[in-house]
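Below is one structure; the comments refer to it alone.
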Amino acid sequence: MNAVKSYAAKSADKPLEPYQLDRREPGDHDIEIKILYCGVCHSDIHTARNEWGGTMYPVVPGHEIVGKVTRTGSKVSKFKVGDTVGVGCFVDSCGHCRNCAEDNEQYCENGHSQTYNSLLQDKKTITYGGYSSHIVVTEKFVLSVSDKLPLEKVAPLLCAGITTYSPLKHWNVKKGDKLAVVGLGGLGHMAVKIAASMGAEVTVLSRSKSKEKDAQELGAHHFELTTDKENMKRLGNSFDFIIDTVSAEHDYNEYLALLRTNGVMVLLGVPPTPSDVAAFHLIGGRRSLVGSLVGGIKETQEMLDYCAEHNITSDVEMINIDQINEAYERTLAGDVHYRFVIDMASLN
Ligand SMILES: [Zn+2]
Ligand SMILES: [Zn+2]
């Protein structure tokens, strides 16, 4: 065992604080990574505060991890000491179910091991995330990261990037498609950038006029206010795709009405309560309401390579680890452009 520094929440109602964590010694197929940067995802907050239930305390959040390889196991072939690497939302899976066989480990039928607040495949060892100085991960779940882009801006790609890239690829978003993004936060701003890079004509739908300038700066072609009823009427049957990133309660029906025939609305956010959907909105235009969860390891590598090639990174605000509790409050208030990233050097 190796004692490493980290930040943990010890209960749902306490702020995160310094915590000494034991990491395993790298096994034959393991990589030990010194973490340079870790993004702050909304899921971190939900988990630290037990808002989804099932949090095992103390919990060390963080699943947008970029760092350098410091040690490798004797059978590791993919990486060497000094390589720049990333770790995303999960660190292992069963490896033999249908979904694992098809490189969709995020949908592992036997339960994948998430990066934190989860169990490894032995079904007893608890995982701890990226708010720590080092992490040990089996090599198959470690991603190769190009040094071409600023690494702190690459970190959020490991969750926000792949969460938006995967559905855009799966539903084959292409040049000329009309695509709308709902919610301009960590996920939404990546959806705008990646969809625009694929050639889609991107519209940001927002309740607040103040987001118009932001939307344009991110590369959106259009901006539409959803609070204006006449405007929403005019937008009926407009879009081939809607990427809905909102995690607060909202009415899906309003947005479904904006889809063209055969249009697809993809849910990426997780509102706290179930929603009512009027069947007519789906039947009336053969529309689809679908969801998507991050992406597999192979696709995450493809996304990282794609972003390096197309110069796509996240817009970030850097913080030191001792600012994490304040960053949570600001994230909840929507007061961040668009992702906090922790400089892990501040842990020492
Ligand atoms: Zn996340
Ligand atoms: Zn599996």
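Each ligand, and each atom within it, is numbered from 1 in the order the structure gives. Heads up: numbering here begins at 1 and tracks the sequence.
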Here the vertex angle at the Zn ion (ligand 2) for SG of C94 and SG of C97, given to 10°, is 110°
Main-chain N/O of S210 paired to S208 side chain as donor or acceptor, under 3.5 Å: yes
Parallel, tilted or perpendicular: rings of H46 and W52 (30°, 60°): parallel
Should the pair K148-D305 be classified as a salt bridge under the 4.0 Å nitrogen-to-oxygen rule? no
Sole residue of E152, E64, H42 in side-chain hydrogen bond (donor to acceptor under 3.5 Å, both in side chains) with R339: E64
Suppose you place the vertex at the Zn ion (ligand 1); what is the angle out to C159 SG and C41 SG, to 10°? 130°
Report the name of the N/O/S atom of H63 located nearest to the Zn ion (ligand 1). NE2
